[in-house]
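Okay, so here's the structure we're looking at.
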Amino acid sequence: MADTTITILGTTGAGKTCYLVGMYYEMSAGMEGYTLTTDDDTDVKLQKLYDRLCDETLGMDRFPTGTDNMS
C-alpha cells in the first residue's frame with residue numbers, strides 16, 4: 001500500500017481540523033471503495049475528537065483548540 005500525503009490550507013479558525021476529523025470518521029468506514037486507516041492509538045484519538053464535535057451540550061467547547069504551528 002502506497003503512502004499518500006494530503007495538504008490542507010486555510011486561515012486560523014477555518015475548521016481544517018474539524019474537516020479532517022469528520023473526513024476520517026466517514027472514510028474509516030469506507031466509501032465507494034476508498035478507506036482511511038491509521039494505527040490504533042491515533043484511531044482512538046480521532047474517534048474521541050469526533051465524539052466531542054458531535055456533543056452539542058458542550059457549546060463552543062466541543063471544537064478543538066486552534067494550533068499556531070504547521071505540521
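What you see is a predicted model; the values in this text were computed from it and never measured.
- Taken together through direct or relayed side-chain contacts under 4.5 Å among Ile, Leu, Val, Met, Phe, Trp and Tyr, M60 and Y19 form part of one hydrophobic cluster.
- With rounding to the nearest 0.5 angstrom, the CE atom of M23 is 13.0 Å from the SG atom of C18.
- Residues L36 and E26 have side chains not in contact (no heavy-atom distance under 4.5 Å, counting atoms from C-beta outward).
- When the shell of 6.0 Å around OH of Y24 is examined, it contains more than 12 heavy atoms from other residues, nucleotides or ligands.
- F63 pairs in a side-chain contact (heavy atoms from CB on, under 4.5 Å) with only one of the listed residues (L49, L58, L53), which is L53.
- A continuous path of Ile, Leu, Val, Met, Phe, Trp and Tyr side chains, each step under 4.5 Å between heavy atoms, connects M31 with Y50, placing both in one hydrophobic cluster.
- In plain terms, the two heavy atoms of L20 and I8 that are nearest each other are CD1-CG2, 3.7 Å.
- Annotation: D39, atom CG; neighbour count of heavy atoms from other residues, nucleotides and ligands within 6.0 Å is above 12.
- Using a 4.5 Å cut-off between side-chain heavy atoms of Ile, Leu, Val, Met, Phe, Trp and Tyr, with links allowed through other members, M27 and I6 fall into different hydrophobic clusters.
- Contact of the Q47 side chain with the S28 side chain is registered, since non-hydrogen atoms from C-beta on lie closer than 4.5 Å.
- Using a 4.5 Å heavy-atom cutoff, the side chains of V44 and K48 are in contact.
- In terms of modelled atom types and a separation under 3.5 Å, the side chain of R52 and the main chain of D61 share a donor-acceptor contact.
- The closest donor-acceptor contact from the side chain of K16 to the backbone of T11 lies under 3.5 Å.
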